[in-house]
Amino acid sequence: MKTAQFRLHAAIEERHWWFLGRRRIVSELVHRLVPPSKEELIVDIGCGTGGNLSAFAKDYSCLGIDPSDEGIQSARQRFPNAQFICGAIPDALQALPRPASVMLLMDVLEHVPDDFWLLSTLLTQAKPGAYLLVTVPADMRLWTEHDVSFGHYRRYDLPRLRRVWSDLPVTTSLVSYYNARLYPIVRGIRMVNRWRGRTSGAAGTDFNTPAKPLNRFLQTIFASEAKTLVDCLGGRRSSGFSRGVGLIAIVRREQGVIHARTKLADIAPDPYDPLAAHETSNVQA
């Protein structure tokens, strides 16, 4: 992310309905996976400005990793009850005090050109029995300048996300679309924004915090999806949501050797390359 998006996250992630709803869902899932204990380590990969770890710091040992010095400085100032490391994968993983029980990879894979490499590299470092919780944006029909501003390479569908860990020694504990109940509203707004050729929020994004009553209402609707996803995780439901603004998955590392691997040859090219776009804009400037 760019400086403007980091500052926007820091300003709104403690009050905007999307951040709060997602945090509630992820918190309930993690608490079902691992009983609260300070002996259990939660590691947030690509932690940004640190807001996600605030949901776990009371019950677990928490550590965030991000390559942005600006993001890490903000996280350290705002959340002193968690540890934060500025660094890149895989080198930053060497600083872990002990193996993680859960690794969070929340809206990170879409920012990297080779998502296969990143996820497999994390799993090489995970202990058997550890969980990797992944969220990504879904549905290319929702692509707008919001995605461009955040430096996304892609939005995912369910088969494309599953391919990232296919043939690795992992068990899929959960995979589902989410932010499903608000999908029609989000799609309508994105369609209008694409037609207008601009976003509806700050810093080139669609993040616009509504009035408090509406913000609470949207948060409640989004967070209410936690029950369905927890039921899927516990085997009380056979499937989750069939469409949504995002996808959420939990995989469990099993015994077996994992080597870091690059993107499979049959994967379609990404629809956007933020690095190439940045170089082109620099040349034009």
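Start at 1 with the first residue, then count along the sequence. Just so it is clear, the model here is predicted, and its values are computed rather than measured.
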Ion pair present between [X] and [Y], side-chain N to carboxylate O less than 4.0 angstrom?
X: Arg162; Y: Asp157; result: no
X: Asp107; Y: Arg22; result: yes
X: Arg32; Y: Glu28; result: no
X: Asp231; Y: Arg236; result: yes

Main chain of [Y], side chain of [X]: is a donor-acceptor contact present, judged purely on distance under 3.5 Å?
X: Asn52; Y: Asp44; result: no
X: Arg181; Y: Ser224; result: yes
X: Ser120; Y: Trp117; result: yes
X: Thr121; Y: Ala260; result: no
X: Thr171; Y: Ser173; result: no
X: His146; Y: Gly204; result: no
X: Tyr177; Y: Leu158; result: yes
X: Lys263; Y: Pro113; result: yes

From [X] atom [atom1] to [Y] atom [atom2], the distance as rounded to the nearest 0.5 Å:
X: Arg190; Y: Trp143; atom1: CZ; atom2: CH2; value: 10.5 Å
X: Leu123; Y: Gln125; atom1: CG; atom2: CD; value: 10.0 Å
X: His152; Y: Asp273; atom1: NE2; atom2: CG; value: 14.0 Å
X: Leu132; Y: Trp165; atom1: CG; atom2: CH2; value: 8.5 Å
X: Leu109; Y: Leu247; atom1: CG; atom2: CG; value: 11.0 Å
X: Phe19; Y: Ile12; atom1: CZ; atom2: CD1; value: 4.5 Å

Following the transitive rule for hydrophobic clusters with a side-chain heavy-atom cut-off under 4.5 Å over Ile, Leu, Val, Met, Phe, Trp and Tyr, establish whether [X] and [Y] coincide in one cluster.
X: Leu182; Y: Phe217; answer: yes
X: Tyr156; Y: Ile267; answer: yes
X: Leu133; Y: Leu20; answer: no
X: Val148; Y: Met140; answer: yes
X: Ile258; Y: Leu264; answer: yes

Legend entry - Worked check of side chain to side chain contact (heavy atoms under 4.5 Å, CB included) between Val175 and Val251: CA-CA 9 Å; Val175 60; Val251 297; over 6 Å; no
Could you pull out the closest heavy-atom pair between [X] and [Y], with the gap in Å?
X: Ser54; Y: Glu14; result: OG-OE2, 4.0 Å
X: Ala55; Y: Ser27; result: O-OG, 4.0 Å
X: Gly244; Y: Asp139; result: O-CB, 4.4 Å
X: Gly50; Y: Phe84; result: CA-CE2, 3.9 Å
X: Asn208; Y: Gly201; result: CB-CA, 4.1 Å
X: Gly240; Y: Ser176; result: CA-OG, 3.5 Å

Can you tell if the side chain of [X] reaches within under 4.5 Å of the side chain of [Y], non-hydrogen atoms only?
X: Phe222; Y: Ile25; result: yes
X: Asp66; Y: Cys86; result: no
X: Phe116; Y: Thr262; result: no
X: Arg243; Y: Pro184; result: yes
X: Val136; Y: Leu161; result: yes
X: Leu118; Y: Val108; result: yes
X: Thr49; Y: Glu13; result: yes
X: Tyr60; Y: Ser37; result: no

Legend entry - Pair Gln73, Asp69: side-chain N/O donor-acceptor within cut-off below 3.5 Å: yes
Legend entry - Under 3.5 Å side-chain donor-acceptor pair for Glu145 and Thr199: no
Inset, instruction - Show your reasoning for whether side chain to side chain contact (heavy atoms under 4.5 Å, CB included) applies to Arg155 and Asp147. - result: CA-CA 9 Å; Arg155 299 182 73 94; Asp147 298 277; 2.7 Å; yes
Inset, instruction - Verify the ring-centre separation between Tyr183 and Phe241: is it less than 6.0 angstrom? - result: no
Legend entry - Centroid separation Phe207 to His16 less than 6.0 Å: yes
Inset, instruction - Kindly write out the residues that satisfy side-chain contact (heavy atoms from CB on, under 4.5 Å) with Ile189, not counting sequence neighbours, or none if the list is empty. - result: Ile185, Asn193, Ser200
Legend entry - Stepwise side chain to side chain contact (heavy atoms under 4.5 Å, CB included) test for Ile248 and Val134: CA-CA 6 Å; Ile248 186 166; Val134 179; over 6 Å; no
Legend entry - Residue list, salt bridge (charged side-chain N to carboxylate O under 4.0 Å, His left out) with Asp115, at least two apart or on another chain: Arg154, Arg160
Taking atom [atom1] as the centre, does [X] end up with more than 12 heavy-atom neighbours from other residues, nucleotides or ligands that are less than 6.0 angstrom away?
X: Asn81; atom1: CG; result: yes
X: Arg24; atom1: CZ; result: no
X: Lys58; atom1: NZ; result: no

Inset, instruction - Carefully, step by step, assess Val112 and Tyr153 under the rule side chain to side chain contact (heavy atoms under 4.5 Å, CB included). - result: CA-CA 7 Å; Val112 298; Tyr153 282 83; 5.6 Å; no
Under 3.5 Å, which donor-acceptor pairs link side chains of residues 94-105 to any protein atom two or more places apart or in another chain?
residue	atom	partner	partner atom	Å
Arg98	NE	Glu39	O	3.1
Arg98	NH2	Lys38	O	3.0
Arg98	NH2	Ser61	OG	3.1
Ser101	OG	Glu40	OE1	2.3

